[in-house]
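Since we're looking at a predicted model, the values are computed, not measured. In each ligand, atom 1 is the first atom listed, and ligand 1 is the first ligand listed.
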Amino acid sequence: MKFNTKAIHGGQKPDKAYGSVMQPIYQTTTYAQTTPGEHKGFGYSRTHNPTRTALERAFASLENGEYGVAFGSGMAAIDAVLKLLKSGDEVIATNDLYGGTYRLFTNIYEDFDVKFHFVGMENIGEIESYINENTKLLWIETPTNPMMRIIDIEAVAKVSKKHSLLLAVDNTFATPYLQRPLELGADIVMHSATKYLGGHSDVVLGGLIVRDKGLADKLYFIQNASGAIPGPQDCFLMLRGLKTLHVRMQRHGENAKAVAEYLVKHPEIEKVYWPGFINHPNHEIAKKQMKDFGGMLSFTTKNNDYDAAIKMVEKLKIFTLAESLGGVESLAGHPASMTHASIPKEERERTGVVDSLIRLSVGIEDVDDIIGDLDQALA
Ligand code: P1T
């Protein structure tokens, strides 16, 4: 199956009970047993639930993996990956990443004696200088949140294989429509499915996808042992959202391109971060590893004024000022005070998250209305 067909059919078949075309919501905690331990493959819903299993198969299909593992949020999925580690282990992560990921790493796992190095991985050579015998995991986001930096997944995978490390890629911004990290050599793909995969801003959910059976078994063990699972209603909503992923992503990409081209010519704008510009760092790599450039972009206004940035986002009418991204509706955020406020100012400014930075999740409304809204807010 090609990707668009997989978005609709991947891992799905009519339900066995009544031939229901859509996966039913199995709203049950437990399953009848004929004799202790004898059941139809489902014993208890923390461990397995048919609606969740259908979603896990869909995740695996879309990322061209073998095994999908669903979690109650993107953070719970990242947390499960970190539980593969032991105290004393070291992780090398991109230095521009979602603030909540940074918070989990530094405020929770550092207390368990896991050490993190935050590195700008646009230059692959930099990664190797941080590798030692304790290094176990490379963690990358590409495009990064919110600076839209592009990391060469294939090149990082070569480094990780050479040193027998695990490579995990947070594929939230790109989605498997645009790039499939497992095909480029990554071991684990992670999703905040809350975003584009769900696509309608109505469900918080996370996912991991892998190809290796041993790794999958460890992650299913952690999923069950720690218990951060999504409920069947949320799995159903996610399955419904996935069916239009390809159509939504195509339009997100078209609209974001038009917005980027409008902003870059605007006299009030200092800089636009969008991987589709030929002068965007690593644009050639984006072109190589992504089908298109996605629906996210960030920009700064002249004079880098905090109050002016806040005033601008307050004036938006079509864009909603909100955390999150990837829904059909356009959202605007101010990372310094919102999504990335948990990163110390000095640290975030080093990666470009300055006071005037505004992040846009460009929705699939009429592009003239989207640009008109930005135009009135910048006036
Ligand atoms: O919100 P949750 O589903 O737990 O996912 C966390 C997460 C992980 N990785 C990336 C790249 C993310 O963007 C997120 C969540 N991000 C936002 C809420 C945001 O507005 O950036």
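Proximity of the aromatic rings of Tyr102 and Phe118 is defined here by a centroid distance below 6.0 angstrom, and this criterion is met. Centroid-to-centroid, the aromatic rings of His280 and Tyr273 stay 6.0 Å apart or farther. Aromatic pair His246/Tyr177: ring centres not closer than 6.0 Å. Side-chain rings of Tyr196 and His191 stay apart, their centers remaining 6.0 Å or farther from each other.
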Discussion item. For Asp355 and Arg348: C-alpha separation, side-chain torsions, deciding distance, then whether salt bridge (charged side-chain N to carboxylate O under 4.0 Å, His left out) applies.
Written reply: CA-CA 10 Å; Asp355 285 347; Arg348 70 170 159 78; 3.7 Å; yes
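Between the side chains of Ser45 and Tyr31, at least one donor-acceptor pair of N or O atoms lies under 3.5 Å.
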Which pairs of nitrogen or oxygen atoms, taken one from ligand 1 and one from the protein, are under 3.5 angstrom apart?
unit_1	atom_1	unit_2	atom_2	d
ligand 1	3 (O)	Gly74	N	2.9
ligand 1	3 (O)	Ser192	OG	2.9
ligand 1	3 (O)	Thr194	OG1	2.6
ligand 1	4 (O)	Gly74	N	3.1
ligand 1	4 (O)	Met75	N	2.9
ligand 1	5 (O)	Ser192	OG	2.9
ligand 1	9 (N)	Asp170	OD2	2.6
ligand 1	13 (O)	Asn145	ND2	3.1
ligand 1	16 (N)	Lys195	NZ	2.9
ligand 1	20 (O)	Ser324	N	2.7
ligand 1	20 (O)	Arg359	NH2	2.9
ligand 1	21 (O)	Asn145	ND2	3.0
ligand 1	21 (O)	Arg359	NH1	2.8
ligand 1	21 (O)	Arg359	NH2	3.4

